[in-house]
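Written below as C-alpha cells is the structure these notes are about.
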Amino acid sequence: MTCDICNPKPRGYTIYFSEDQHTEQLTHYFKGFPETEWTLINNRMFWTVEPVFFGLMDYIEAHLSADDIFAVEASREDPIRTLNALQPIRSFQETRAFSWIDGLIQNRRIQTYYQPIVAVKNNVIQIVGNELLSRGVNEHNEMIPPFKMFEAARKRNRLFALDRVCRMESINNAKNATERLIFINFIPTAIYVPEHCLATTFALIKKLDIRPEQVVFEVVETDKVQDIEHLKSILSYYRKHGFKYALDDVGTGFNGPELIADLQPDFVKLALEYTNGVSKDAEKKATAEVVLKMAHDVGAQALAEGVERKEDLDFLNEMGYDLYQGYYFAKPGPEPLQDIKIS
C-alpha cells in the first residue's frame, strides 16, 4: 500500500489552444508517444502526461505562439474538471525547472552529514551528540544544498515526501552514532496526523534497536506554524513514545523565545545570529541571556549553535550555556567524529 502524498500518481496536464492556433500538426507530434501518455479531448484540447508536456513546451516555443496556449494540471479520468484554472503555458517553466526533486525523492538520493554537539567543562570538549544533516545528491553525484532541495519540494508540493525521506535516511544512518544523542530535523507543517505520518519513522527506529531516549527531534524553523496546538500534538506524541525534542534557531524568524514556555522542549538552540559575535554585542548578549533563562526555567538544556570563535564560546560558557555546536569544533562531515581537539 502506498501513500499518494509520498508517492503521488504521475502528473498530467490539459492543454488548451486558442482559435487562431493550428493544432493539426500537434496530433502528429503526440502520435510519437504511446496512447497511454496522451489523449485528444477535442480539436482545441489535449491531455498528456508530465514528461510529454514538458517536451511539448519546447516544441511550442519553436513552432507555435505560446501566448495563445494555456494549460492546467488535470487527471486523465476527468481532464476538463480544472479548466477554470487554466494558465499561460509559459507559467509552467518554473514547475519544469524544479521537477528534478521528484527523482531525488523517489531514488532516496540523500546523504547524511554529522555535526557534533558538545559540552565544554574546564576546557575539555566532550561530544554528547550529533545533528544529522541531509544533503541531496544529483545524478552526477554532486551535492545539493538543503535550501535548494526544500525550495524545489515546495514548488512541486512535495514537502511532506522530502521531509520524510530525509528523516528516514537520517535514522538509517544513525547507526554510526548511536552511542550518543541523535538530533534529527523535522518540519512541523509537513506532518499532518502524527499517528499516521510518524508510524514508519518509529518502526524504523525500533527495527534498528535505537533507544528512543537517544533521539532528539528538532523543530526546524522554516514555516510559521499557524496551528500551535497541532505542533504541540506532534511534540506530545514524540514525548509519549520516549523521544526528546529541541526548538531550533530560537531568537530569529518564527521561533521567538516566547515559544519556549509554550512548547516545553528538552533542548533550546540559540540561533547562530546571536551566538556569532555575542561577546562584543550588547543586543546579542541580551537575547542570549533571555533564551538561557527561559530554557532553564522549563528544565531544558541551552545549546548555542554557530559557535565559530573562542571568545564567544568562553563568553557563553561563563553565562551558563550547557551545549555548543559550530565550525569552531567541526564542520558537518560524512562520518561522525569520535573526539575533538582544539589547538
Q. Would you call the rings of Tyr16 and Phe70 parallel, tilted or perpendicular if under 30° counts as parallel and over 60° as perpendicular?
A. tilted
Nearest heavy-atom approach of Leu198 to Tyr237 is CD1-CD2, 3.9 Å
Legend entry - Check against side-chain contact (heavy atoms from CB on, under 4.5 Å), Glu35 and Thr39: CA-CA 7 Å; Glu35 292 184 0; Thr39 186; over 6 Å; no
Atom NZ of residue position Lys175 - does it have more than 12 heavy atoms of other residues, nucleotides or ligands inside 6.0 Å?
yes
Check the hydrophobic clustering (I, L, V, M, F, W, Y; side-chain heavy atoms under 4.5 Å; chains of links allowed) and say if Leu263 and Ile260 are grouped together.
yes
Exercise for the section: Give a yes or no on this: more than 12 heavy atoms of other residues, nucleotides or ligands lie within 6.0 Å of atom CD of Glu142. Expected result: yes
Heavy-atom closest pair (Arg135 atom, Pro146 atom, distance to 0.1 Å) is NH1-CG, 3.3 Å
Excluding Leu272, membership of its hydrophobic cluster (Ile, Leu, Val, Met, Phe, Trp, Tyr; side-chain heavy atoms within less than 4.5 Å) reads none
Notebook entry, point to check: Using the ring of each side chain (for Trp, its six-membered ring), is Phe217 parallel, tilted or perpendicular to Tyr238, with breaks at 30° and 60°?
Noted result: parallel
Output for pair (Ile234 CD1, Phe186 CZ), nearest 0.5 Å, gives 5.5 Å
Is there a side-chain contact (heavy atoms from CB on, under 4.5 Å) between Arg309 and Lys280? Walk through the geometry before answering. CA-CA 12 Å; Arg309 299 178 179 86; Lys280 298 178 180 178; over 6 Å; no
In terms of heavy-atom contacts, does CG of Asp297 have more than 12 from other residues, nucleotides or ligands at under 6.0 Å?
yes
Is it possible for you to say whether Leu64 and Val72 belong to one hydrophobic cluster, with membership spreading through side-chain heavy-atom contacts below 4.5 Å?
yes
- Item | Short side-chain donor-acceptor distance under 3.5 Å, Glu335 and Tyr114 | no
inquiry  = Tell me whether Ser233 contacts the main-chain N or O of His230 through its side chain, where contact means a donor paired with an acceptor under 3.5 Å.
reply    = yes
_If the threshold is 4.0 Å, N to carboxylate O, is there a salt bridge linking Arg154 and Glu151?_
no
Scanning both residues in full, the closest heavy-atom pair of Val52 with Phe33 reads CG2-CD2, 3.7 Å
- [ ] Please indicate whether Ile80 has more than 12 foreign heavy atoms, meaning atoms of other residues, nucleotides or ligands, lying under 6.0 Å from its CD1.
- [x] no
*Single-linkage hydrophobic cluster Val307~Ile340, side-chain heavy atoms < 4.5 angstrom*: yes
- [ ] If the plane angle is over 60° it's perpendicular, under 30° parallel, otherwise tilted; pick one for Phe46 and Trp38.
- [x] tilted
- Query: Which is it for Val118 and Ile127 under the side-chain contact (heavy atoms from CB on, under 4.5 Å) test, yes or no, and what are the steps along the way?
  - Reply: CA-CA 4 Å; Val118 307; Ile127 300 175; 4.2 Å; yes
When the ring planes of Phe53 and Tyr13 are compared, do they come out parallel, tilted or perpendicular, using 30° and 60° as the limits?
parallel
For Val137 and Ile144 the tightest heavy-atom approach is C-CD1, 4.1 Å
* **Glu213 atom CD, over 12 foreign heavy atoms within 6.0 Å** => yes
**Q.** Exceeds 12 heavy-atom contacts within 6.0 angstrom, atom CZ of Arg81
**A.** no
* Asked: Got more than 12 heavy atoms from elsewhere within 6.0 Å of CG, Asn42?
  -> yes
- Query: Is the backbone of Arg109 close enough, under 3.5 Å, to the side chain of Asn107 for a donor and an acceptor to pair up by distance?
  - Reply: no
Heavy-atom nearest pair, Met57 first then Arg96, reads CB-NH1, 4.2 Å
**Other residues, nucleotides, ligands: >12 heavy atoms within 6.0 Å of Lys148 NZ** = no
Quick check: does any side chain N or O of Thr14 sit under 3.5 Å from a backbone N or O of Leu83, one acting as donor and the other as acceptor? no
**Q.** hydrophobic_cluster_shared for Tyr327 and Leu313, side chain cutoff 4.5 Å
**A.** no
- Is it the case that Gln111 and Asn173 place a side-chain donor and acceptor less than 3.5 Å from each other? no
Heavy-atom nearest pair, Pro79 first then Ala74, reads O-CB, 3.7 Å
